[in-house]
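The sequence lines fix the lettering, A, B, ..., with proteins before strands; numbering per chain opens at 1. Note that this is a predicted model, so its numbers are computed, not measured.
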Amino acid sequence: MRATVRMTGIMFALIALCALPAQAQLGGFIKKAAKKAAENKVEDKVESATAKPLGGDPVTAETLDALLRGLSLELETKDKTKQLWTAIEAKAKEVTEAERAAGNEPDAWHKASRDVERCLSNSLDKSNKQHEQEMPQKMMTVMSSANANPAVVEKIQAAGKAMSDAQAKGDMPAYVRAYNNYIKMFGFDVAKDSAVAFAACGKLPPKPASMIKLERLQAEVARLSDERRDAETESDARAAKAAGMPADKYALARERLWAWAAARKQKQATRALTKDEDALFSARASDIKKIESMLR
Amino acid sequence: MIPPLLLGRVALVVACLGSAEGTKLALPSSRLAVREGTVWREWWNSASAPERYADARATLARRLRWRDGAAGTAWGELALAGVGEAWRTRLIVVRVDPRRVRLTLDTAFVDGNAAWSLDRAGATAVAAVNAGQFVRSMPWGWVLLDGAQFLRPSVAPLVSTFTVTAGGAVRLAHATVPDSAGVRWAFQSYPTLLNAGSVPHQLREAGCGVDVAHRDARLALGLDGEGRLLIAMTRFDAIGSAFDRVPFGLTTPEMAAVMGALGAVDAVLLDGGISAQLLVRDAAGNAHRWPGVRNVPLALVAHQRPRAAPTVP
């Protein structure tokens with residue numbers, strides 16, 4: 001708007017320069033320029049006074065103009081999201097085919113993995129129980145040697161601090177390392193417990209190729225879906241900006257127009273809007289029709 | 001719908017506007033009353049809004065006349081009165097025991113447009129509700145469908161994540177993305193209304209990045225102290241039910257109060273306005289429906305668990 005006013009001022013000046021004698025031209029130009037500058041100032045004031053964001057509800061004629069500007073911009077980006085949808089659908093079909101091809105292999109793998117995990121967990125629980133029973137005796141042994149050797153006390157305290165620091169930071173790998181060091185001082189070997197468990201239970205079964213393929217395809221569907229959502233999010237933000245409205249107000253105004261369009265399509269009375277909005281939207285029905293595909 | 005940009009602003013807010021001068025910007029003045037017979041009893045006031053809800057504050061829960069639904073569900077309705085557009089608000093509450101149902105998420109798209117409505121809930125659904133917040137045709141935030149990630153997660157101070165494990169255990173985690181191990185279904189929403197019984201400070205004062213004044217038809221999901229789901233929906237209640245889809249209703253702080261007063265310990269807002277839709281099936285198998293104006297991309301559905309086959313002694 002401001003740019004338009006300034007451009008008009010320059011145009012006036014150019015027309016005046018062509019039409020009038022030199023002095024009159026100059027005097028006239030100065031007067032016009034001064035007048036224009038005053039007009040611009042008034043214009044600026046009006047603009048700053050009205051620069052507050054447009055409201056989202058209820059929708060006014062001014063808001064509707066802004067909303068239609070935003071929706072036109074959304075329409076321009078619709079092809080991209082549509083293409084992404086086509087790609088998602090195609091990939092989803094591949095997922096369905098991969099699921100069919102995998103048959104019961106994923107279920108069998110999950111069951112075998114759960115069996116091994118349960119066995120490992122039981123074995124480690126058994127070791128832990130054993131350690132708990134032995135702990136009082138082992139602690140007494142360590143503490144009696146600690147009394148004789150302050151370096152041992154320092155070592156125990158340092159290991160305890162490392163555990164609490166890791167816990168405070170929420171650093172699970174560091175906590176596990178510190179814990180393993182701590183209990184090793186009392187004669188317990190976690191690595192040995194794990195080795196015993198794996199020897200008894202075996203390792204987790206490798207994933208069958210069909211599952212690896214299925215997971216890859218599912219990840220591709222997820223990536224495309226994220227991409228589509230990002231495109232919609234970006235388009236919404238650009239549309240709100242083009243409308244000159246805060247994103248939340250734009251979304252509210254958009255919802256109200258959506259509700260009107262939905263009611264009209266179903267030939268129902270619009271209950272979500274004011275009478276003024278209904279009248280406004282009905283009067284602008286031909287403009288709304290142009291962007292109707294964005295209201296689905 | 002609360003657009004993602006608003007959440008972006010919420011995420012960026014590290015201090016509230018009033019905090020610079022050590023003052024709080026008060027919530028817009030409002031109060032809520034509940035109808036008891038012919039009397040309206042005020043139970044919440046913005047000037048003295050509780051920061052924390054304990055059982056003793058579950059004032060609305062005590063006033064609800066629960067009706068039996070299928071598979072251990074229950075539902076009830078209350079008439080509320082607030083200020084402005086909320087002068088007549090119907091509150092519909094559905095309670096679901098996750099131990100007695102099978103919870104799933106359902107999506108539906110037609111030509112890339114969101115296409116889920118209550119018609120898709122199916123005959124085995126005992127309760128169904130639109131889940132999370134929506135970005136145009138897609139759900140916002142993390143969506144995990146039957147163990148497979150459909151959409152990536154987001155993290156912000158007021159984001160809550162609802163998860164269902166393979167064993168059926170449910171959880172609402174706040175401001176973090178929980179470990180996905182064992183999780184079969186998950187979605188995210190915002191803003192958090194209650195975190196371990198407390199109302200987030202962004203909902204207790206103005207100027208903290210959350211619009212605490214806007215009124216709309218609301219929908220919220222919570223968990224009570226016994227781990228049961230509480231789904232609460234508001235509908236404009238003037239002139240019978242003819243205007244029940246008008247998007248008038250409560251503010252976000254008022255909805256936090258509603259969830260606290262219903263006995264929720266943790267709660268989050270879901271997409272309300274024209275998206276809000278809810279179904280509950282009664283013990284006789286009849287579906288009671290509160291449809292939305294538009295179709296949505298994601299819904300949480302509670303199904304009747306299949307009856308166990310009789311065992312032969």
Side-chain angles (χ1 to χ4, degrees), chain A residues 56-57 74 78 81-86 88-89 92 95 106 110 114 170 172 214-215 217-219 221-223 225-226 228-237 239-241 246-252 254-256 258-263 266 268-274 293-296, chain B residues 1-9 85 107 109-115 133-154 166 176 179 182 210-211 214-217 236 239 241-248 271-275 292-295 297:
Chain A
D57 63 329
E74 283 185 35
K78 205 186 174 197
T81 52
K82 202 172 177 182
Q83 280 167 12
L84 281 167
W85 178 253
T86 309
I88 292 167
E89 272 191 319
V95 169
H110 282 297
R114 275 198 304 272
M172 190 49 89
L214 185 59
E215 286 178 357
L217 289 170
Q218 283 170 335
V221 169
R223 183 187 57 76
S225 303
D226 281 336
R228 183 166 191 259
R229 185 173 63 179
D230 291 347
E232 286 189 351
T233 306
E234 194 191 327
S235 165
D236 282 358
K241 202 177 169 187
D248 52 342
K249 301 292 182 193
Y250 179 79
L252 284 172
R254 196 180 187 281
E255 278 205 353
R256 295 179 84 84
W258 181 309
W260 178 82
Q266 291 163 14
Q268 287 178 348
T270 316
R271 293 179 294 182
L273 306 167
T274 64
S293 64
M294 294 314 301
L295 301 172
R296 280 178 200 149
Chain B
M1 180 172 85
I2 304 168
L5 213 62
L6 179 68
L7 182 77
R9 273 186 269 153
E85 298 164 6
T107 57
F109 297 92
V110 173
D111 293 335
N113 296 315
Q133 300 281 356
F134 309 125
V135 179
R136 211 185 296 170
S137 71
M138 303 288 275
W140 180 89
W142 190 31
V143 179
L144 194 72
L145 301 173
D146 205 7
Q149 180 160 304
F150 173 49
L151 290 163
R152 68 168 180 266
S154 292
T176 183
D179 186 358
V210 177
D211 188 340
H214 177 66
R215 296 193 170 278
D216 210 336
F236 187 55
I239 327 171
S241 60
F243 289 81
D244 67 349
R245 290 191 222 177
V246 174
F248 288 171
D271 207 326
I274 61 172
S275 302
V293 175
R294 74 161 181 170
N295 294 342

**Prompt:** Has the side chain of B/Gln149 got a donor or acceptor atom that lies under 3.5 Å from a matching backbone atom of A/Ala222?
**Reply:** no

**Prompt:** Taking the side chain from A/Arg228 and the backbone from B/Met138, do they hold a donor-acceptor pair closer than 3.5 Å?
**Reply:** no

**B/Phe109: ring pair (Phe, Tyr, Trp, His ring centres under 6.0 Å) partners, not counting sequence neighbours** = A/Trp85

Restricting to non-hydrogen atoms, name the atom on [X] and the atom on [Y] that form the minimum distance, rounded to 0.1 Å.
X        : Y        : answer
B/Asp271 : A/Glu255 : OD1-OE2, 4.4 Å
B/Ile274 : A/Ala259 : CG2-CB, 4.1 Å
A/Arg229 : B/Trp140 : NH1-C, 3.3 Å

**Within-4.5 Å side-chain heavy-atom neighbours: A/Asp248 and B/His214** = no

**Request:** Please identify each residue that fulfils side-chain contact (heavy atoms from CB on, under 4.5 Å) with A/Glu215, with sequence neighbours left out.
**Result:** A/Lys207, A/Met211, A/Gln218

**Prompt:** Side-chain donor-acceptor pair under 3.5 Å between B/Arg136 and A/Ser235, yes or no?
**Reply:** yes

**Prompt:** Is the number of heavy atoms from other residues, nucleotides or ligands under 6.0 Å of A/Lys78 NZ greater than 12?
**Reply:** yes

